[in-house]
2 protein chains.
Amino acid sequence: MVTGKKKTEMREDFSGKVSDETLRKLVGYNMKRAFNEVQADLVQVLQQFDLRMMTYSALILIVDNPGLRQSHLAEALAVERPNLVIIIDELERRGLIARERLISDRRAYALVATLPGRQLYENALRAVKAHETKIFGDLDDPETLKLIETLRQVERRARAR
Amino acid sequence: MVTGKKKTEMREDFSGKVSDETLRKLVGYNMKRAFNEVQADLVQVLQQFDLRMMTYSALILIVDNPGLRQSHLAEALAVERPNLVIIIDELERRGLIARERLISDRRAYALVATLPGRQLYENALRAVKAHETKIFGDLDDPETLKLIETLRQVERRARAR
DNA sequence: TATTGTTATACTCTATAACTATA
DNA sequence: TATAGTTATAGAGTATAACAATA
């Protein structure tokens, strides 16, 4: 061996200098690592409101779209219907939303937010925006808007696989 | 009501036009949705090689860093040690890598890729790069490099929470 | 027959505590 | 006493099949 080092000695020289160049050249890997960190911070923010990411996303869509059905909510959030049931159960049990039977189609529910639900929406949104500003910078900056645009384009292109 | 529509009628008008403006203004939500789609495509690509995302990431680092220890690999991949064990088990069982005891510290293993492991690395990497080019465009383009740089910056800022 | 919401279930990913063997 | 790897386990998140009520 040219370096003069023995094989077994070489194999111990990895204290903190592992090469991850190959992985770091892949966009997907960097997306995963970045999102994991963002998510870890967001989870802590939402914990203060006793919300998880999916329960909060659902609450937002229900407040913004009063009366929508579970099936439409599931589609909008890209969640399977069975998984949405427990999310809605939790929001309803906490009195943040209500299931109202439709007269025109008695199979379906119209989902509506309660006053406490709308208040929690506002308070949590303020905290989430602060969290996002901390990580991404001003949310109205051209650079942030460009990032969102890029991500949406990536989503579309990956969806059209 | 000004529109003249009854409440219950309004609550059915949600066929495909759910407003998700609030969520779509949040960078994190767009990251999640984009990554979910990218991941779904990547999973299919790796399935052809009987690899999952974590087994493939681990294989890459072992090939690129012959002799590294499991603890260093776990740290580099941001995976808890117990979860890495089953990943390494699988790679070893398939003859893609080997655990070699260190003489200097008989608690630790040096992880090394086998020839089949290095060959699978090459073949899978070719497929993964094709998948990434399909979704992100040319991987050497300034725009792609900029996206990676942005993601890494986001990762650092979120980590420094 | 088809659809809405539901139940049951299973599989993956991830996180923690405690053990063993070595240091 | 501390560290490397391991075991067991539990919690999320997600996916599918099958059912009851209704269309």
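Per chain, numbering begins at 1; letters A, B, ... match sequence-line order.
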Which pairs of donor and acceptor atoms, one on a side chain in residues 107-115 of chain B, lie under 3.5 Å apart (sequence neighbours left out)?
residue  : atom : partner  : partner atom : Å
B:Arg107 : NE   : B:Asp105 : OD1          : 3.1
B:Arg107 : NH2  : B:Asp105 : OD2          : 2.9
B:Tyr109 : OH   : B:Arg101 : NH2          : 3.1
B:Thr114 : OG1  : B:Gly95  : O            : 2.6
B:Thr114 : OG1  : B:Leu96  : O            : 3.1
B:Thr114 : OG1  : B:Gly117 : N            : 3.2

If you restrict it to nitrogen or oxygen atoms, what contacts under 3.5 Å exist between nucleotides 10-13 of chain D and the protein, and what is each distance?
residue : atom : partner : partner atom : Å
D:dG13  : OP2  : A:Arg52 : NH1          : 2.4

For the pair made of [atom1] in [X] and [atom2] in [N], what is the distance, rounded to whole Å?
X: A:Phe35; N: C:dT14; atom1: CZ; atom2: C1'; answer: 14 Å
X: B:Glu80; N: D:dT6; atom1: CD; atom2: P; answer: 15 Å
X: A:Arg69; N: D:dA23; atom1: CZ; atom2: P; answer: 10 Å
X: B:Glu37; N: D:dT14; atom1: CD; atom2: P; answer: 12 Å

Indicate the atoms forming the closest heavy-atom contact of A:Leu26 with A:Asn30, along with that distance.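 Where A:Leu26 meets A:Asn30 most closely, the heavy atoms are O-ND2, 2.9 Å.
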
Are a donor atom and an acceptor atom from the side chains of A:Asn123 and A:Arg126 found within less than 3.5 Å of each other?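 A:Asn123 vs A:Arg126: donor-acceptor pair found between side chains.
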
Between B:Tyr29 and B:Asp20, do the side chains contain a donor N or O and an acceptor N or O under 3.5 Å apart?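 No.
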
Does a nitrogen or oxygen in the side chain of A:Arg81 sit under 4.0 Å from OP1 or OP2 of D:dA17?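 No, because none of the side-chain N or O atoms of A:Arg81 sits under 4.0 Å from OP1 or OP2 of D:dA17.
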
Working for side chain to side chain contact (heavy atoms under 4.5 Å, CB included), residues B:Val154 and B:Arg157: CA-CA 5 Å; B:Val154 165; B:Arg157 288 184 67 165; 5.9 Å; no

For A:Arg159, all residues meeting salt bridge (Lys or Arg N to Asp or Glu O under 4.0 Å), sequence neighbours excluded: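 For A:Arg159, the residues satisfying salt bridge (Lys or Arg N to Asp or Glu O under 4.0 Å) (neighbours in sequence not counted) are B:Glu37.
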
Can you list everything that forms a salt bridge (Lys or Arg N to Asp or Glu O under 4.0 Å) with B:Glu92? Sequence neighbours excluded, please.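 Per chain and number, B:Glu92 pairs via salt bridge (Lys or Arg N to Asp or Glu O under 4.0 Å) with B:Arg99.
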
Under the 3.5 angstrom rule, does the side chain of B:Asn65 hit a backbone N or O of B:Leu61 as a donor-acceptor pair?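 Here the side-chain-to-backbone pair exists.
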
Going by the side-chain hydrogen bond (donor to acceptor under 3.5 Å, both in side chains) test, which pairs reach into residues 43-61 of chain B, not counting sequence neighbours?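 Sorted result for residues 43-61 of chain B: B:Arg52-B:Glu90.
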
Degree of bending in the helix from C:dT1-D:dA23 to C:dA23-D:dT1 once both end axes are built from five pairs, to 10°: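 Inter-axis angle at the termini of the helix from C:dT1-D:dA23 to C:dA23-D:dT1: 10°.
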
Between the protein and nucleotides 19-23 of chain C, list the N/O to N/O atom pairs that are separated by less than 3.5 angstrom.
residue : atom : partner  : partner atom : Å
C:dA23  : OP1  : B:Arg106 : N            : 3.0

Nucleic acid contacts of residues 82-92 of chain B, taken as heavy-atom distances under 4.0 Å to DNA chain C: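 Contacting residues: B:Pro82, B:Asn83.
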
Within the structure shown, what part of the strands sits under 4.0 Å from A:Gln70 by heavy-atom distance: base, sugar-phosphate, or nothing?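 Answer is sugar-phosphate: A:Gln70 comes under 4.0 Å of backbone atoms only.
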
Under the side chain to side chain contact (heavy atoms under 4.5 Å, CB included) test, residues paired with A:Thr133 that sit two or more places apart: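 Only A:Leu139 meet the side chain to side chain contact (heavy atoms under 4.5 Å, CB included) criterion with A:Thr133.
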
Once side chain to side chain contact (heavy atoms under 4.5 Å, CB included) is applied, do any residues pair with B:Ala40, and if so which ones, sequence neighbours excluded?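 Applying side chain to side chain contact (heavy atoms under 4.5 Å, CB included) to B:Ala40 gives A:Arg161.
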
Given D:dA4, C:dT6, C:dG5, identify the nucleotide with an atom nearest to the side chain of B:Ser71.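 Closest nucleotide to the B:Ser71 side chain: D:dA4.
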
Salt bridge (Lys or Arg N to Asp or Glu O under 4.0 Å) contacts in which one or both residues fall within residues 127-152 of chain B, not counting sequence neighbours: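 Residue pairs passing salt bridge (Lys or Arg N to Asp or Glu O under 4.0 Å), neighbours aside: A:Glu143-B:Lys146, A:Lys146-B:Glu143, B:Asp41-B:Lys134.
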
Pairs flagged by salt bridge (Lys or Arg N to Asp or Glu O under 4.0 Å) wherever residues 115-125 of chain A is involved - sequence neighbours left out: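 Residue pairs with at least one partner in residues 115-125 of chain A: there are none.
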
